[in-house]
J.: 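Provided herewith is a single structure, encoded as structure tokens, for subsequent inquiry.
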Amino acid sequence: MADKKNYGMVIDTRVCVACSACVYACKSENSIPEGYCRDWVVQETNGTYPRLSMENRSERCQHCAKAPCVIYCPTGASHYSEDGTVQINRSRCTGCKACLAACPYDARYVHPEGFADKCSLCKHRLDKGLETACVSVCPTTSLNLVDLNNHEEEALNMMNGKEVYQQKEHAGTNPSLYWISARNKPGA
Amino acid sequence: MNHGHDLNRRDFLKISSLFLAGSAAISSQVGQALSSTNTAYAKDDREKVVHSFCEHCFWRCGIAAHVRNGKIYKITGSEHHPLSNGKLCPRGTGGIGQIYDPDRLAHPLIRERKGGTSNLRKASWDEAITYTAEKLYQIKEKYGPESIAMLHHGYGYTFFKEMFKAFGVNKFAKPSYDFCCGPRLQGYTMTYGHGSGTPEGIDIMNSKYLLFFGTHYGENMHNTAVQEISEGIRRGLKIVVFDPRFSTLAGKAEKWLPIKPGTDIAMMQALMNVLISEDLYDKKFVTENTVGFDELWAEVQQMTPEKAASITDIPADEIREIARTFASYAPAAAVHPGRRTQWYADGTQRVRAIAILNALTGNYKMPGGVVKYEKYKLPKPEAHPHPHFKKEVWSKYPFFVQTKPENSITSHEVVQQTLEEEIKAWFVYGVNVPETITLGRKTAIEAMQKLDFMVAVDTLPMEVTGYADIVLPECTYLERYDDLDGGRPYRTPFVALRQPVVEPMFDSKPGNEIARMMAEKLDLHGVFEDSVETYLDKRLKKVGSSLEEVEKTGVLVGEPTNLYRKPDEKLSFKTPSGKIELASAQLKSAGFDAVPKYIKHPDPPQGYYRILTGRKPMLTFGRTANNRFLNELPTARENEIWVNPRIAKKHALSHGEYVHLKNQAGIVSEFPIKVKVTERIREDSVYMVHGYGHYYKKLKWAYRKGASHNQLISKADIDQSIGAVGFQNNFVTFIKEA
Amino acid sequence: MTETTTEIISTKMNPNVVPHLHIWEWHIPIYLFLGGLAGGLLIITAVMIVAKRYFGIGPQDEGEGCPCLAVRLGSALSPILLGIGMLFLFLDLANKFYVWAFYTTIQPTSPMSAGSWILIAFFPMAVLQAMLVNKQFLRKLNIGIVNKLISWTEDHLTLVALLNAHIGIGIGIYTGILLSFFYARPLWSSSILGMLFLVSGISSAAALMLLFAPKHEKPIYSKIDANALWIEMIIVGLFVLGGITGPANTSGAMMHLIAGDHQLAGMSYMLWFWGGFVALGLIVPMFLEFLETVGVHIKYPQVAPVLVLMGGLILRFLIVFAGQTYHTFM
Ligand SMILES: Nc1nc2c(c(=O)[nH]1)N[C@H]1C(S)=C(S)[C@@H](COP(=O)(O)OP(=O)(O)OC[C@H]3O[C@@H](n4cnc5c(=O)[nH]c(N)nc54)[C@H](O)[C@@H]3O)O[C@H]1N2
Ligand SMILES: Nc1nc2c(c(=O)[nH]1)N[C@H]1C(S)=C(S)[C@@H](COP(=O)(O)OP(=O)(O)OC[C@H]3O[C@@H](n4cnc5c(=O)[nH]c(N)nc54)[C@H](O)[C@@H]3O)O[C@H]1N2
Ligand code: SF4
Ligand code: SF4
Ligand code: SF4
Ligand code: SF4
Ligand code: SF4
Ligand SMILES: [Mo]
């Protein structure tokens, strides 16, 4: 078992109800300015009446292992942290926005105070051994914090036998967020 | 968009000088609570966490309020409270938007009439309470105690109820009885001898197959129920949803059946028909534990799946298949009773049909079926002496609930008696009457204008306060003690404490203090203990605990109850027959149907659509309408009118366009509403979330956002057995903006 | 297949990110335009200097080793315009106090980091060239260090000019590469963009020189411009073709540009692209320059170069904006 952490999330869209509790929890935990968000909720409905299907999911920065935002950041402000997350050093960020243009997930924004900002995977909480604010509030336990270095124990168990996908996998970003598809049959 | 700062400064100051405390104090509060300039990770040793319970809906989950620099900066789910398990629904996190709402009521207000106009002016507590006591006293003297009614919703009402009882007044009405859980309570009780409760007694997480009629969990965001459903899904629960609209829950369902609205009973009858005719029901259970099977069969025999198909728009094969699957999973299968069960005049019978469907499967007290939770054994507070009441129950309806002392009459009867001038004074605690009493907004306003005297206790300048003679600003649930939440049955019985997290802001006061002040003015002695703390401590000492102890975690948790019956356990039910009543003799003898019957509801007139309503996960109607924190999300800012694409085309409506709505009686919505063209709804119905379209300008945020559902209600159907009010026989059409 | 619809509701609300990216406004297209112009000027002037020196090609010198007026002005304008461009770049930074952070690190994978260093490398050489070609004037000031620098450059002129031609190409291409590295933005993610911006920079530079060149110097710039324009035409063609024949992402983005009804200053992208850029910025001036070269003189010789310059500016605006208003890589 690797000592080094490599945090990610397994997000179970079968149970998410798009309630947005995760968004509000993030906003108060991280003092996100009004009109901004680090995570957001998508409700996608497909089909025509009466044959419809739905997927709900709570999205945020994917903490890519090969992160275009880090690759294109001219100052090193955006960087990989040793726990597998992607972080922004506010005291090196010029607000040039290259990282915003680079992110295939549109996960970032420019904070009104000038620096680029996005989901930190609540690093300040991870460092204290706590779960992220969004994970801990989620009433459906759709959000699961996992250490991908302990893959077989937590994440694999959760994903075993189910249809799981990564978003824009072909973008080559190697995202750390895994999605259990809403198409799975109950109890899969 | 920066709501914290988009207050019009001049407006704000103008109003603040009239209604609010120091404007500087308020703007800095709001500035800090709602703006972002304070960095997240600033270290502060004075951070503290207070455990209490939520008031953003009536589920009352445990919360943990986190305070830094004297301000609540976040609210999380209490780890200790069995209804939250550390988790919250979005509204639970939203208390910061309520406590730091810049529009809050900050001072008592008194109506002052000058010439033809009247105005609410600032008053001191002493003046307001003295005036209130005098008026109530005069009215009681002149017209008798039955001329005073208290309307209440929300958990702080208990102190006022005690005060009024000591005063000799016991006309208490709670709108949720009429419009939501009355039928469920009574329909269930008439069948099983007990209610379904909050949380509902369904073993959701262990169930294999659940049927929902309308109940839209996921949008109806009752925390624990949503937690259980998601756990159920992980364990393999299959869900079937009958709803004219593709709700979020329908999105989770194995089957979504877009049933024609108003035909649920026909569907339930057809399901019973298949269960019985195909011998799929639990015969042993039915024989041993129910009465009225033959009567039931006599009634449902005619409702073949084919007949039901023509009524409900659901194919007969589907009906058969669902009934068979349901039976195959029984007893780990159930029909959920729902919460807002009053849609038409047949809510009680509809709930009875649900209860009967459950009974046929023999799922009573079985894993995954209907269960009966237990309460924490917390003794009721000792009743203090009060004058003799002329009547214990004032409602005229024969099956009005007799067992709930907080309810002695229905809300709509209070309105009717006011129009008939029997009632002269209202004391309104936490009910936004014009947007809640669903005999329509117009009728509610007419009633209020007939009153001699009206008091509103509220936290915000909601519409109701605009009609009151006295407005008493209560502090929010985060700034006060209330009575213990101890009477509710649950899987894990508990007693929860509401306690202040921070001091009351402005000149607002806790309900317990307001009630005490009134009792003193009215010369009523011995109603309250010296302090609310003493009262709570005494109650808790009776179960071997203390206020000091419970303050730590906010909750006392009992042993998990054994929910399931033993193999040969003898069951008894508190019904007249001692059995589950498939046919109800008491209903029959009072002239009602012993067995639920399908009765056709009117179809919409040509070009009109039935107006359905429901909830948004992040809002609780009026309660959160002005909550800037919760309303910030793009999906929360306004309500929309859901329209099927074929209907949109017919009326040349485009997605995102604003229209006015006009109901069958010609009432036109005051504000326009955004059109949502969606495949997610039937062609004969439209849908809008209740709680928008506020018309009181003092609600600076909520004013004019979306359209009011209640304004479009002008027809009410009253369930003559229990007195509940259905309002889904209202229809609307669209008026395009000029 | 039955018809299906997709309904997406999202709570995302970050300004300048939803409903679509809008992080770069007018500053960046202007910077890219001025950068391209500066590069183009440097390339043309450097080549002209070498051509004159070694092959005697080009307009009459002004004497004392000073090249013609257009080269002198062009050399001086190149670093000045780039400086102004960088000012716009600076103005665009959301966190201006941290601009130093660019120059305390080298991020080899970041085109912006590379660019910020190229920009620094650009100035010394360009300034030397500008000084040399204007030595007539500078010598009069008689400043020791300036004189020394001029003498040094005089001795190494070929090297400096050739280096400058390369740096100019570098800057020109860089303005396109900067965008094309962002593969998350399908419109930008085209390797032709570098060439397109380079050639457009050259045509704009030629047009600018044509504007201020005295009458006898004009024909040469006319010729350069006409040639740059038709090359640019071909590259635009390749850019568009490559786009629409590409995968769904790319073709969608290209259609968004060339047939899109998204508005920019009240006019659709489609109109801007075909009318503003292709017709008025390329075809019309090319036709006018062609007439000029075959000896048909038109009454207002400024029309063609002004159109070319406008076309270059429109191109930068269009690419920067349309690249943002189209959704990310799917
Ligand atoms: N987030 C949030 N949650 C809440 C509340 C809130 O304000 N906000 N309020 C709480 C309260 S007080 C209540 S009462 C509950 C209400 O919540 P529920 O009890 O779940 O409400 P219902 O009215 O049963 O359900 C509304 C659904 O019924 C469908 N429907 C309408 N007519 C018919 C019909 O004739 N037949 C069938 N089968 N379906 C129909 C509608 O399309 C809609 O999807 O929610 C509670 N939870
Ligand atoms: N048209 C229409 N009408 C409906 C419904 C519908 O769907 N459509 N739903 C019905 C249902 S199911 C229900 S349960 C009822 C709910 O009806 P209400 O309980 O009346 O609903 P709210 O609009 O939340 O009004 C609550 C009032 O309490 C105030 N309040 C909030 N917190 C406090 C507090 O701590 N202290 C005091 N004193 N006041 C407080 C709020 O400011 C608000 O004025 O509405 C019913 N009416
Ligand atoms: S809190 Fe959980 S259920 Fe709610 S939207 Fe977020 S992920 Fe989904
Ligand atoms: S999702 Fe975007 S911001 Fe997050 S690591 Fe990947 S590229 Fe960077
Ligand atoms: S905005 Fe900041 S973090 Fe993003 S690329 Fe520029 S310097 Fe790096
Ligand atoms: S992990 Fe933390 S920062 Fe990221 S979305 Fe969740 S709450 Fe926000
Ligand atoms: S369900 Fe939500 S709003 Fe209701 S009490 Fe629980 S946390 Fe509060
Ligand atoms: Mo309700």
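Everything numeric in this text was worked out from a predicted model, so none of it was measured. In what follows, chains are A, B, ... by sequence order, proteins preceding strands, each numbered from 1.
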J.: Taking the six-membered ring for Trp and the full ring for Phe, Tyr or His, determine whether the centres of B/F212 and B/F242 are under 6.0 Å apart.
T.: no
J.: Decide whether a cation-pi geometry holds between A/K27 and B/F629; the criteria are a distance under 6.0 Å from NZ or CZ to the six-membered ring centre and an angle within 45° of the ring axis.
T.: no
J.: Which atom pair, heavy atoms only, marks the closest approach of B/L630 to A/Y24?
T.: O-OH, 2.5 Å
J.: Which region of A/R125, side chain (C-beta onward) or backbone (N, CA, C, O), has a non-hydrogen atom less than 4.5 Å from a non-hydrogen atom of chain B, or is it both or neither?
T.: side chain
J.: Test the A/R60-A/W40 pair against the cation-pi criterion, namely NZ or CZ under 6.0 angstrom from the six-membered ring centroid and within 45° of the ring axis.
T.: no
J.: Under 4.5 Å from any heavy atom of chain A, what part of B/T248 do you find: side chain, backbone, both or neither?
T.: both
J.: Select, from B/E231, B/E219, B/K252, the one with the greatest count of heavy-atom pairs under 4.5 Å involving chain A.
T.: B/K252
J.: Can A/V41 and A/R57 be said to form a side chain to side chain contact (heavy atoms under 4.5 Å, CB included), step by step?
T.: CA-CA 6 Å; A/V41 169; A/R57 49 182 187 265; over 6 Å; no
J.: Need one label for B/R646: side chain, backbone, both or neither, based on atoms under 4.5 Å from any heavy atom in chain A.
T.: side chain
J.: Salt-bridge test for A/K123 and A/D83: reply yes if a basic N is under 4.0 Å from a carboxylate O, no otherwise.
T.: yes
J.: What part of A/A182 gets closer than 4.5 Å to chain B, counting heavy atoms only: side chain, backbone, both or neither?
T.: neither
J.: With a 4.5 angstrom heavy-atom cut-off, which part of A/Q43 approaches chain B: side chain, backbone, both or neither?
T.: side chain
J.: With a 4.5 angstrom heavy-atom cut-off, could you sort out which part of B/A636 is near chain A: side chain, backbone, both or neither?
T.: side chain
J.: May I ask you to test the B/I96-B/Y73 pair for a side-chain heavy-atom distance under 4.5 Å?
T.: no
J.: Which bit of A/S53 is near chain B, if near means a heavy-atom gap under 4.5 Å: side chain, backbone, both or neither?
T.: backbone
J.: Given that the side chain runs from C-beta out, which part of A/T141 has a heavy atom under 4.5 Å from chain B: side chain, backbone, both or neither?
T.: both
J.: Based on non-hydrogen pairs under 4.5 Å, which of B/T93, B/T76, B/N85, B/L88 is most in contact with chain A?
T.: B/L88
J.: Please state whether the side chain, the backbone, both or neither of B/L237 comes within less than 4.5 Å of a heavy atom of chain A.
T.: backbone
J.: Which atoms of B/L257 come close to chain A, meaning under 4.5 Å heavy atom to heavy atom: side chain ones, backbone ones, both, or neither?
T.: neither
J.: Are any non-hydrogen side-chain atoms of B/L619 and B/V689 less than 4.5 angstrom apart?
T.: no
